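Here the structure is laid out as C-alpha cells; the discussion comes afterwards.
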Amino acid sequence: MSAVAQAVQTPTIPWAAISPELVLFGAGILVLLLDTAGGNRRTSAAVAFVALLGVAGLVVATGEDVAAAVPVVIAAAAILQLALALALSRRPRLLGAVLAVLGFAGCMLAAAWQWWAATDGSLVATETLLSGTVAVDGVALFTRMTVCVAGIVTVLLGFSYLEDRRVHRGEYYPLLLLSATGMTLLASAADLLMVFIAVEILSLALYVMSGFAKRDLASQESAFKYFLLGAFSSAFLLYGIALVYGAAGTTNIAAAGRALAGFEVPAAFGIAAVGLLLVGLAFKVALVPFHMWTPDVYQGAPTPVTGFMAAATKAAAFAAFLRVFADGLAALQWTWVPAVGVLAAATMLAGAILAVVQDDLKRMLAYSSVAHAGYATMGLLALSQEGTAATMFYLLAYAVMSLGAFGVLGVLERRQRKAIAVADLRGLGQRAPLLAGMFALFLLSLAGIPGTAGFMGKLAVVRAAVDADHIALPVVLVLSSVVAAFFYIRVIVAMFMEDEPAELADVPVPASTGSAAGLSAAAAGVVVLGVVPPAVIDLAQRAATFAG
Amino acid sequence: MMAVSALAQASIVTAPAGSPAAWAWLLPVVPALSAGVLLLGGRRLGRGAGWLAVAISAITLGMAGWLVTWLAARPPGQRRVTHTVADWISAGELEVGWAVLVDPLSAAMLLLVTGVGTLIHLYSIGYMAGDERFSRFFGYLNLFLAAMLVLVLGESLLVLFVGWELVGLCSYLLIGFWFDERPNASAAKKAFVVNRVGDVGFLVAMFVVFGAVGSLSLTQVLPAADTVAGGLVVAVGVLLLLGATGKSAQIPLYVWLPDAMAGPTPVSALIHAATMVTAGVYLVARMSPWYAQVPGVGMLVAAIGAATALVAALIACAQLDLKRILAYSTISQLGYMFMAVGVGAYGAGVFHLLTHGFFKALLFLAAGAVMHAMGEHTDIRVMGGLARAMPVTAVTAGLATLAIAGFPLTAGFFSKERILAATADTDGGAALLVVGLIAAALTAFYMARWFWLIFMGRPRWGRGAAPIPADAGRSTAPPPPRDLHPHEAGWTMAVPLVLLAVGSAAGGLLTVGAEHGLLAQWLAPSVVAFESSAHLIGHGLLQAIAITLALAGLAAGAWRYRAGPVATSPASAPVVGFARDAFRVDALLRAAVVTPGRWLAEGAVWVDTHVIDGAVNGAARLTRGLAQGGRQLQTGLVRGYALAVLVGAVVVLVLLARTNLTAAVFGALGAP
Amino acid sequence: MAELPLLSLLIALPALGAVALALLPAGAVGAIRWVALAAAGATFVVAVVVLAVFETGEAGFQLGEAQPWIPQWGIAYRLGVDGISLLLVLLTTLLMPLVVLAGWNQQHRTKGFFIALLAMEAAMVGVFLALDLILFYAFFEVMLVPMYALIGIWGGVARRYASIKFFLYTLIGGLLMLVAILYLYWAAGAVSFNYATLQAVALSETEQLWLFAALFVAFAVKVPLFPLHTWLPDAHTEAPTVGSVILAAVLLKIGGYGFLRYSLPLFPEATATLAPALLALGVVGVLIAYSSVSHLGFVILGAFALNGIGAAGSVVQMVNHGLSTGALFLLVGFLYDRTHSREISAYSGLLTATPVLGGLFLVTVLSSLALPGLNGFTGEFPILLGTFQSAPWAAVLAALGVVLTAIYLLWAYQRMFHGPVTGHAQGLSDLTGREIAVIAPLVVLMLGIGLYPEPLYERVNPSVQRVIAEYADVEAADTAPAAPPASRDDDTQGVGR
Amino acid sequence: MSLAAGYVLGLAAALFAVGAVGVLVRRSAVVMFMCVELMLNSVNLTLVTFSRVNGDVEGQVLAFFVIVVAAAEVTVGLALIVNLFRLRVSTDADQVDVLRA
C-alpha cells in the first residue's frame, strides 16, 4: 500500500511533529491578516480573535492525538497575539516585527519541546510521520534552531533598514515567516517530494523578498535572476527526483537510498538521478559552478534579506543535502563523494579568489559565502556523525557571523544610502569604534581567527575531514583561507588604518535599538561559539546522532 | 729535525686556599670595577679620575708582583696553579668556569701588562690633561687593563677568548676615542672588524679542540695534545694562527694596526705596541704543547712572522708619520716574535715580547711627547732639531732607538740575537735567518731615520724652518704654526719615559745566566720548547753579523737623513711611493674583499626584493589574475548563469559516470 | 602559593588588563597608562613568583594546569612550564612593562594601543605555556591580530603593506600547522590534543617529513628563516617602536620555541633527516645581514645541531636576542621620538650630543654582536660549538657571520654616533629618566647574563636534554629497534605536579 | 519497462532538453520562464510514466504537487517580470545586467 493511500485512510495528522512549522506558518498568516486589517483596532482585534478561535478549533478537532502540552502552548501564544494586536494596532510594522520574533521564538520552543519529547519517546516515530515525508531528527531540530536564530536577528536588523529605505511593507514579515517555514520543512524533509515542496516554499518567499525594493532596479534584477535560475535549477532537482522515483520506485529518501544501494556503474538512471539531485541541491547551497546567481542576488537584495538568505537558506539547504546525500545515498558514496569533493574544492578556491577583486562589500561577502559553502561541504563529505555535527555547527557559526557582517553593512547603507564599497569604510574605526570593532570581529571570524565562531567551525569541519582520511580538502581550505584573509583584512585596514575622507565626516552613523540588539546578539554568538563552544558542539553532536 | 723537549711540562695544580693565586681573580676585577666607576661617574672626579686609574693600575702591579714572588718561591714543578671562582657557561656537555691559570708564562705577561700599564696610566695624566673626555679615557684604560688580565689569566681557552675580545673592544674604543673625526671612527671599526676575522679562526679552533678533547679548560687541553689526531692538531694550529695574526697584526691581517694610530698616543704605546698586540704571541706560546706536535705548523708561524717582519720594515722605511713608522715597526717586531715562537724558541719570543714592550712603549710615549710639543703634528718632515728643546725625550727615545735597532748590550740586542740564534738552530731555518737579518738591518735604518728627522739636524719648524724638498712626499698636511715653542712635558710624562728607558737598557739582564737565559728557564714549566740538532752558524759569528748589520743600518739612516728629508730620485720614486702606500694592501683588500662583499650584499637584497618578494607578489598577482578571469565569466546575464548550471550539470554527470577516473584524481590529492 | 593557578594568572592578568582598558573612557589617558603598566607589572611579578617556585633541575613540565575546554574534540586548556618556556615567559613579561613605559607618551589612540599591547602579552605568554596543541595554535593565531593592529594602526608610512604582508605570511604558516596538528591527532587515534599524547604517536618517516614541513612553514615564518623572512624588514621598518620591540624581542622567538617544543620532539626522524638542510637555511639566515634574521639563524643552528650544547645555547640565545634587540629597538625608538627619522644617514655625532644614549646604544650593539662578557656571546658560542660537533661546515660559515654582524652593526653605529655633530643631532636632548629606567634593566641583564649565565643554563639544560634525548633514541633505533624509551611513558601521564 | 514507457521517457527527456536550451537561447524573460515551465512539465510526464511503470500512484501525486507549485511560481514569476518591465520597459533578459562581475 502506498504511502499516500495510507495517509488517506488514516487521516491522523501528527500535529506535534510539525508544530514548529505550524507556529511559523501560523504566525505568518496571522501577521498577514493583521496587516490587511491595516491598523484598524477593531479589525485587528477581530482577526486575532478569529485566529484564536481557529487554533482552539484545531485543538478540539484533533484533541486526542495531540500531547497535552501543545494546546496550552498554542492557546497561550494566541492570547499573547491578541494582546499584542490590541496594543500595537497603531504601529502595524512593529506589531509584525514583534509577532515575527515571537513566531521564531515559538518555533524554537516547539523544536526544543520536540527534542525533549523525542528523547522521551512520546513522539511518533519518524518512519510514520506524515507517511514518512517528515523526519523529526537531530539535523532537523538543530537546523530549525539555526533558522530561527537567523530569523530573529534578521527581524531585529531589518526594521530600521526597511524603514529608512521606505520599503517597509506589511507583507515582509509574513514572507519571512513563510520562507522560514519552508526552510524548517526542508530541514526535516524525509521524502524527496517534501524536499521539492519545501524548496519551493522557501524560494518563492525569498524571490519576493529579494525584489522587495520595488523601485530599485538592482533589487528587481536580483529577484528576477534568483527566480529564473531558481526555477531552472528546481527543474533539475525535480527531474532528479523523478528519476529516483523511476529507479527506486519510491521518493522516500531512506527507502530510495536502500533501493539504489545496489546499483552499479552502468546504470545510467541511477547516475542521472544522483547527478541531477546533486545539481539541484548544489544550486541551493551555491557550490561552484552553480554559484553564479549568488553574488548578483546577494548584492541586489535588501541587505537584511541577503543576510537571512546567507544564514538560513544555507543551513536549510545543507540539512537537505545532508539528509539526501550523507544519509540517504550514503551507500552510494563511491559515486558522489569524489564529485562533491571536486565541487567543494572548486567552491572554496573560487569563492575566495573571486572575492579578492570585489569592491562592493556586499558582493564580496556574497563570494565569501560561496567559499564558506565549500568549507561546510567538507563536514558532509566526511560521511560521519562527526562530519554531520561539524557541518551543522559550521552553519550555525556562519549564520551568526554572516548575519552580523551583513547587519553592519545594513547600518552603513542607512548612513550612506548607497552600496558600500571598501573605500567607504575609511576611518570608520575612529568615527564609530564599536560598529567598526564589531565588523572587524565578524570579518575575523569569517577569516577563521581563533577566539571566534569561524575558527571553531573550521576546526570542526577540518577535524571531521581529517578523521575521514581527507587530507587534500583541508589543504585546499588552507589555501582558500589565506586568499580570503586577504580581502577581509583589506576591509579592516580601511576601517582602522586609513583616514576618513572629508565627505564622509559629516554623515552621522545611524543607530537604532533593533540593529544594536541584532548586532550585539550576533557578536555575542560569534564570541560564545568561538570561546566556549562545548555546549553547542554537544548539541550538534547529539543532533547528529539523534535519529528521531 | 726538531724534537720535543725532554723537559716535560709541569702539571697544573689547584691553588692552595688563601694563596695569592687563589686571589688572582681580583687582578682583573679591581680595574674592571674601577672602570665601571670611572665610566659611570668619572666626570665628577675631575682630574682625580686619572689618579684613581693610576692607583688602581699600581695596585694591580703590586698584586702581580706579590703573585709572582709567591710563584717564584714554589718549586718549578709546582708553578702552574689554577683557581676556579665560579661556573660560567654549562650548556649541555660544555662546562666552562671563571677560572684563572697562574704559571710562569702568565706571570711574565702579568708583570709586563701591569708594569707598562701603570707607567702609561701615569703618562696619560699629563698627556690627556684638558681633554673633555678625560675620565672616560681612564675608564677605558682600566677596562683594558682588566681585559688584558683576563686574557693572560684565563684558565680556559674560552675565558682567554673573552679577554681576547675585550681587549679588542678597548682597542676599538680607544682608537676611536676622538670619534668626532670620521677617520678615527673608521680606523676603530677597521681594527675591530679585522680582528674579528682573525677571531673566526680562534673560534673554530676552539670548536675543534672541544670536539677532540671535550673541554676547553687548559688544564685538560694542554696535556691532551699528544692524544689528538695529527690532522686536528694541524687544524687547531693553523686556526689559532689565524686568530693570532689578527690580534698581533701579522700578514695578512696587519692592515688595521697602522690605522690604529688614530688613537691617543698612550693607547698606541700600551695597546698597540706593548701589550695587546702581543696576545697572539702569548697564545701560540700558551698552546705550545699543540704546536710541538706539528713542527710544520710552527714553521708556518715562523714564516709568516718573517715575512711580516720584512714587509713591515720595508714599509716603515718610507713612512712620513712618526706614529705610523712606529706602527709598522711594531708589526715588524711582532713578526720577529712569531718567528721565535714558530721555531719553538718561546723563551726568546717572550723575551723579545718583554723588551719590545719596554722600548716600543717608550718610543710611542716619546712620540707622544713630541706631538704634544709640535702641536699634534705628526709629519716627521716638519720636525728636526727637537733634541735641544726636549732633552729628556730625546735621550730616552735615542736609547729606545738603539735598543730596537739591536745596538749591542741593549735589551733589544739580546732578545733579537736570541731569536736569530734560535732560527739558526732550526732545521730549514736558513731562509728565516736571512730574512731576520735583513729585517734587522732595515729596522736599524728606519729607526735611525725616525730619530734623526725628529730630534737631530736643523729645525724645519718655527721661524727658522729649513725648506722641505718639494717632492719629498705627497702629503699635503699643513706645516705647523710658525710660533711653535716645543718644550718638555711635566714629570708625569717624563717619569715613565725614564723608567722605560731603564728597562730598554737593562732588559737584557733577564737573559744572563742559564743556558737559554733566566727567562727561558723561568718559562720552562709553561711551554714545551723544541730542541734542535741543527746548527747553521756559530752563535759568535751570528752575533758579529747582527751587530754589524745593526750598526750599518743605524749609520746609513743617520747619514742619509743627516740634513733632513730627502727628495726621492725619479728612479726610485715609484718604489718609495709604493712602500709609502703600504704596498697598496688596503686597496687590494678593498678590491678583493670589500667590493665583492658589497656586491654580495646587493645581490642578497636583489634576491629578496625580486625573487622572494617577487614570488610572493607573483602569487598575489596570480590570484588577482584568476579573479579577473573569473570576473569575465560573471557577465551579469542570466542566460550565462543558466548555461553555467547546465555545464555544471554535465560536469557532475561526467564526474559521476567516470567515478573511477575522478576517484583517481581526487584520491591522488587526498587520503594517504 | 602552590594553590594559585600561577600560569593562568600569567595569561589572565594582561587579558583582564586589556578588558579593563576597554571599559575605560578613551580620554582617560592617565588612567589608561597606569592600568596598562599595573597589569604588565603584575604579570611580571607573577612570572618572578613562577621563577621562584620553579624547581631547577627538573626536566619536565611544572606548575601544570589542565581543564577541559572542548571535551568533545579532546581539546583542553592545558598549561605547563619547563626550563625552555620559563625563560621565554620571563623575557616576555619583563619586556612588557618596559614596552608600556616606552610607549608612555603614545598620543594617537592611546586606549587601543595599550589594549593591543596587553592582548599581545596574553597571547604570547599563552603560546609559551600551552601544552594542548589546539590551545597553542589558538594563541599562536590570536597573537596575530594585535600585532597586525600595532603595525597597521600605529605604524609608519607604508604600514598597510607591511601589516598585510605580516598577516598573510603568518597566517599561511599557521593554517598549515593546523592541518598538521589535526593529522597528528588523527594519527594518535585518541580524542586528545594533549602535547604528551601526540608526542607519543608513532609516525612513519614519510608522515613525519610532511608534518615537519607543515610546521616548518609556521615556525620558519616566525623565526624568520630564509626564504620566508622578507616580511620582517618591512614589518620592522613600519612598526612603531614598541611593535618592533615586541616583534623582535618576543614574537620571533616563537619560531625557535616552536621548533624546539614541537618539531624536534614530535618528528625525530624527520628532524634528523632534515637537520642538514635546516642548518643550511640557518647559515643563510646568519649570513644575510638583517640583524634579527641573522641572530635567529643562530637559534636555528643551535636547535638543529641536535645536541645539548647547541639546543641549550639556542634557548639562551633567544633570551639574549630578546634583551639586546629589544633594547636596540627601544633606543632607536627614543631617537625616533625626538627626530622622527629612522634613516641612519640622518644622524651624525650622536655620541657627543647624547652621551648616555650613545653609551647605552654601544653596549647594546656590542651585546648584539656577541662580544664576550656580554650576554650575546653566552648563547652564540655554545650554539656554534654545538653546531660544529654535528656540522662543522655550518659552524664555520656561521662564524663568518659573526664578522658580518660586527661589520654592519659597527658601520651603523659609527655612522650615527661618531663624527661631527650635525643634522638631527644638533640640540638633541639626552635620555630622560623614564627612558633610562626602561633601558637600564635590559643593560643590567645583558651584563649579568654575559658574566653569569648559569641561572639560565641550569634551568634550560634538563629540559633541553629531554628534547635531545629523542635523538639518542633515533640513533639507538637505527641500530636496534627497541621499545619506546621510558621517558615517553612518563610523558603520557600528562602534566601535573 | 515497456517499450512505450521508454518512448515516453525519451520524449520527456527531449522536452526537458528543449526547455533547458530554450532558457539559454531565448532573450525574452517571459519565454525563458515558459521554457522553465516546459521543463517542469516534461518532468511531470516522466513522473506519470514512472507511476505507470511502477504501478503506484505516488508519481501522479507528485505530478499534482508539481502543477500546484508551477502555478505558484507563475504568479510570483510573472509579478516579478511585470515589475521589472515597469522599470525597464523591456523584458529582454540580456538587458538585466546591472549586477555583474
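Throughout, a chain's letter reflects where its sequence line sits, starting with A, and its residues are numbered from 1. We use all heavy atoms of the structure for the numbers below, so side chains are in, but hydrogens, waters and symmetry mates are not. In this text, all values refer to a predicted model and were calculated from it rather than measured experimentally.
Residue contact with chain B, scored on non-hydrogen atoms closer than 4.5 Å, involves the backbone and the side chain of A/Val357 alike. Looking at A/Leu287, there are no atoms closer than 4.5 Å to chain B (heavy atoms on both sides), in backbone or side chain. Using a 4.5 Å cut-off between heavy atoms, A/Leu278 contacts chain B through its side chain alone, with no backbone atom that close. With a 4.5 Å cut-off on non-hydrogen atoms, A/Leu228 touches chain B through its side chain but not through its backbone.
Of the listed residues (A/Val356, A/Val340, A/Ile353, A/Val279), the one with the most heavy-atom contacts under 4.5 Å to chain B is A/Ile353.
In terms of heavy-atom proximity, A/Phe232 sits nearest to B/Ala642 at CE2-O, 3.4 Å. Contact record, A/Pro289 with B/Ala644: O-CB, 3.9 Å, taken as the closest heavy-atom pair. When all heavy atoms are compared, the tightest approach of B/Gln634 to A/Met292 is NE2-O, 2.7 Å. Nearest heavy-atom pair across B/Thr623 and A/Val483 is CG2-CG1, 3.7 Å. In terms of heavy atoms, A/Gly275 sits closest to B/Leu656 at CA-CD1, 3.2 Å.
Residues meeting the salt bridge (charged side-chain N to carboxylate O under 4.0 Å, His left out) test with A/Lys225, sequence neighbours left out: A/Glu221, A/Asp296.
B/Arg43 CZ: 12 or fewer foreign heavy atoms inside a 6.0 Å radius.
Atom CG of A/Leu343 is separated from atom CG of B/Leu655 by 6.5 Å, given to the nearest 0.5 angstrom.
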Could you walk me through whether B/Leu646 and A/Phe236 pass the side chain to side chain contact (heavy atoms under 4.5 Å, CB included) check? CA-CA 9 Å; B/Leu646 198 62; A/Phe236 282 89; 3.4 Å; yes

Tell me, with the steps shown, if B/Val638 and A/Phe227 meet side chain to side chain contact (heavy atoms under 4.5 Å, CB included). CA-CA 10 Å; B/Val638 73; A/Phe227 163 71; over 6 Å; no

Checking side chain to side chain contact (heavy atoms under 4.5 Å, CB included) for the pair A/His291/B/Tyr641: CA distance, chi angles, key distance, verdict? CA-CA 9 Å; A/His291 71 290; B/Tyr641 301 174; over 6 Å; no

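Sequence neighbours left out, the pairs with a member in residues 482-491 of chain A that pass salt bridge (charged side-chain N to carboxylate O under 4.0 Å, His left out) are A/Asp359-A/Arg490.
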